[in-house]
Amino acid sequence: MNLSFTVNRRARTLDIDPRVSLLDALRDHLHLTGSKKGCDHGQCGACTVLVNGRRINSCLSLAVMHEGDEIVTVEGLSDGAPSPLQAAFVKHDGFQCGFCTPGQLCSATGMLDEIAEGWPSHASADLDGPYELTQAELSERMSGNLCRCSCYPGINAAIRETAGTGDAT
Amino acid sequence: MRPFDYVRAEDPVSASRAAAQANARFIGGGTNLLDLMKLEVMAPETLVDVSRLDFGGIAEDGDGLRIGATVTNSDVAADARVRRTWPVLSRALLSGASGQLRNKATTGGNLLQRTRCPYFYDTDTACNKRRPGSGCAAMGGETRNHAILGTSDQCIALYPGDMAVALRALDATIDVQRSEGAAERFSMQDFYRLPGETPDIETVLAPGDLITAVHLPAPKGDRQIYRKVRDRASYAFALVSVAAVVRMEGGRIAHAAIGFGGLGTVPWRDPDVDAVLVGEKPSAAVFDAAADTLLRGAVPEEGTQFKVPLARRVLRAVLEEATA
């Protein structure tokens, strides 16, 4: 089945089986292996990408459902130099093995936009905001991304620094 | 995953027609369906993609609100009108799944999410819901996320969701386009079917019947609470959840609509529980009487006995807060 979409600002066309997940299309057909297959069931978040600006689990989506969509993977988060979020992950050692990192980066990018849009979370005391990225808010909003090395202190510090709510270290 | 024909629907009528056959399914967000298809718990031969169809977004409808079937859980939870007037729905949605899943999951699909009973997921075990007549491995097996209300001798699978629990307390209705083209509106009560002798049949929907919208009437109570108890702080299904919509007048409970998650084979509400509360002054005795009524028909397994006292405590805590 034919599929045309944009991946990391580049128009792409594929002829693929309808069973192929968005994740497998990115990794096996477009050879963008940054997005990782952890659980393949929407539980770990390693496959997180941005679709039309919003974060989703690419393993739980069929590629053929993304006709015309704009996909951004970890490879497309920056042009050349690391983004501020990526630089903060390096600075704060926000990883150990690195397997979950592409998903953490894409998820955090989408999550910071959600806060900027004024979306509440389960951790928000007031549904009308304002939403400061406290540790409780961050833990709740990033709960869809697991790190088996448990590098959460570094991940949290990197995201909070990028959001401007962390300690200036 | 088994092979299937993929059909990108052009409009709701042709979508219904394409799906009006045995073993065809609609796909919206796909977050539940694709998971089950990978495990071959579900193996539709035709997938009809309705994710791009225009069912309308979120629009005011008299004193109420109409939510189109493909509006995502994230967009419903963040909608300013929902947050202001139907906050129990925002709270329920925000307590479920993860940010990534809520961005994908749709309103219509969420209503149809299937149980997370591990024996339903394990195709090597007996399950009357997955393979009618094969038996139930959950009874006498490992139980925790299972139902204690609305069960039958065929099935104890739990309805796992949060959104529908809030919708029950809000007296929401569901608009369905029948496969032959007629539109029909269902109450939450009528939409879901208890397992009985046919646990594989979960709703009134026949093949090709398409959910088009959810309607929220003007809320009958201004005090709205959703409380969810689970095994971890985030990204977990409810052990017990309570959605309360309450209105107080002159120190008495003038309206009470209580939905329950984590307890029933369907999103649970018991009119007798509401009736125990209405007209009463809030007190521990009244709240206990409501819990007695709720749990009078509970049939726990060994692994779900904890839900009986837990449901009582959560209900009491929510009612104390809602009537304070």
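Convention: sequence-line order gives letters A, B, ...; per-chain numbering from 1. The analysis underlying the following values was restricted to heavy atoms, covering all of them including side chains, and did not include hydrogens, waters or symmetry mates.
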Next item on the list: Would you mind reporting whether B:S98 and A:R141 have side-chain heavy atoms less than 4.5 Å apart?
Entry: no

Notebook entry, point to check: Would a distance-only check, ignoring hydrogens and angles, find a side-chain to backbone donor-acceptor pair under 3.5 Å from B:R8 to A:E67?
Noted result: no

Margin query: Can you confirm whether more than 12 heavy atoms, excluding those of A:R10, are under 6.0 Å from its CZ atom?
Written below: no

Next item on the list: Please report the shortest heavy-atom distance between B:A77 and A:P120, naming the atom on each side.
Entry: O-CG, 4.1 Å

Check: Among A:A123, A:S139, A:S124, which has the most heavy-atom pairs under 4.5 Å with chain B?
Finding: A:S124

Next item on the list: State, with a plain yes or no, whether a side-chain heavy atom of B:D49 is found less than 4.5 Å away from one of A:L62.
Entry: no

Notebook entry, point to check: Any side-chain heavy atom of A:L127 within less than 4.5 Å of one from B:V82?
Noted result: no

Notebook entry, point to check: Just by modelled atom types, is the A:I56 backbone N or O under 3.5 Å from a matching donor or acceptor in the B:N103 side chain?
Noted result: no

Margin query: How about CD on B:Q21, more than 12 heavy atoms from neighbouring residues, nucleotides or ligands closer than 6.0 Å, or not?
Written below: yes

Check: What is the distance from atom OH of B:Y235 to atom NE2 of A:H122, rounded to the nearest 0.5 Å?
Finding: 15.0 Å

Check: What are the two closest heavy atoms between A:P18 and B:Y6, and how far apart are they?
Finding: CB-CB, 3.7 Å

Next item on the list: Determine whether more than 12 heavy atoms belonging to other residues, nucleotides or ligands lie under 6.0 Å from atom CZ of B:R25.
Entry: no

Next item on the list: Please name the pair of heavy atoms, one in B:A78 and one in A:W119, separated by the smallest distance, quoted to 0.1 Å.
Entry: CB-CD1, 3.6 Å

Item checked: Contact leader toward chain A among B:R232, B:R2, B:M37, B:R91, where contacts are heavy-atom pairs under 4.5 Å -> B:R91

Checklist line | Minimum-distance pair of heavy atoms, taken over all atoms of A:R55 and B:G99 | finding: NH2-CA, 3.8 Å

Check: Counting only heavy atoms not in A:E117, do more than 12 sit closer than 6.0 Å to its CD atom?
Finding: yes

Next item on the list: Name the region of B:D35, side chain, backbone, both or neither, that has any atom closer than 4.5 Å to a heavy atom of chain A.
Entry: both

Check: Between A:D69 and B:R52, is there a salt bridge with N-O shorter than 4.0 Å?
Finding: yes

Note to self: Show the nearest heavy-atom pair for residues B:S51 and A:M65, with the distance to one decimal.
What the structure shows: OG-CE, 3.7 Å

Checklist line | Heavy-atom contact with chain A under 4.5 Å, split by part of B:S95 | finding: both

Checklist line | Under 4.5 Å from a heavy atom of chain B, the part of A:M142 involved | finding: neither

Next item on the list: For the pair B:Q100 and A:L60, evaluate side chain to side chain contact (heavy atoms under 4.5 Å, CB included) and give the outcome as yes or no after the intermediate values.
Entry: CA-CA 10 Å; B:Q100 290 98 313; A:L60 284 187; over 6 Å; no

Notebook entry, point to check: Side chain, backbone, both or neither: which part of B:L33 has a heavy atom under 4.5 Å from chain A?
Noted result: neither

Check: Where does A:D126 contact chain B at under 4.5 Å (heavy atoms): side chain, backbone, both or neither?
Finding: backbone

Margin query: If we ignore hydrogens and angles and just use 3.5 Å, is the side chain of A:R19 paired with the main-chain N or O of B:M1 as donor and acceptor?
Written below: yes

Next item on the list: Any chance you could lay out the side chain to side chain contact (heavy atoms under 4.5 Å, CB included) test for B:T72 and A:R54, step after step, and finish with the verdict?
Entry: CA-CA 11 Å; B:T72 65; A:R54 290 197 177 176; 3.9 Å; yes

Check: Can you find a heavy atom in the side chain of A:H41 that is under 4.5 Å from one in the side chain of B:L39?
Finding: yes

Check: Which atoms form the tightest heavy-atom contact between B:L101 and A:G42, and what is the distance?
Finding: CD1-O, 4.0 Å

Item checked: Non-hydrogen side-chain atoms of A:S21 and B:L34 separated by less than 4.5 Å -> no

Checklist line | Portion of B:A233 that has a non-hydrogen atom of chain A nearer than 4.5 angstrom | finding: backbone

Check: Side chain, backbone, both or neither: which part of A:D40 has an atom under 4.5 Å from a heavy atom of chain B?
Finding: both

Next item on the list: Compare all side-chain heavy atoms of B:K104 with those of A:V51 and state whether any distance is below 4.5 angstrom.
Entry: no

Note to self: Report which part of A:S61 has an atom under 4.5 Å of a heavy atom belonging to chain B: side chain, backbone, both, or neither.
What the structure shows: both

Note to self: Within the structure provided, determine whether B:T31 and A:N57 are in side-chain contact (heavy-atom separation under 4.5 Å).
What the structure shows: no

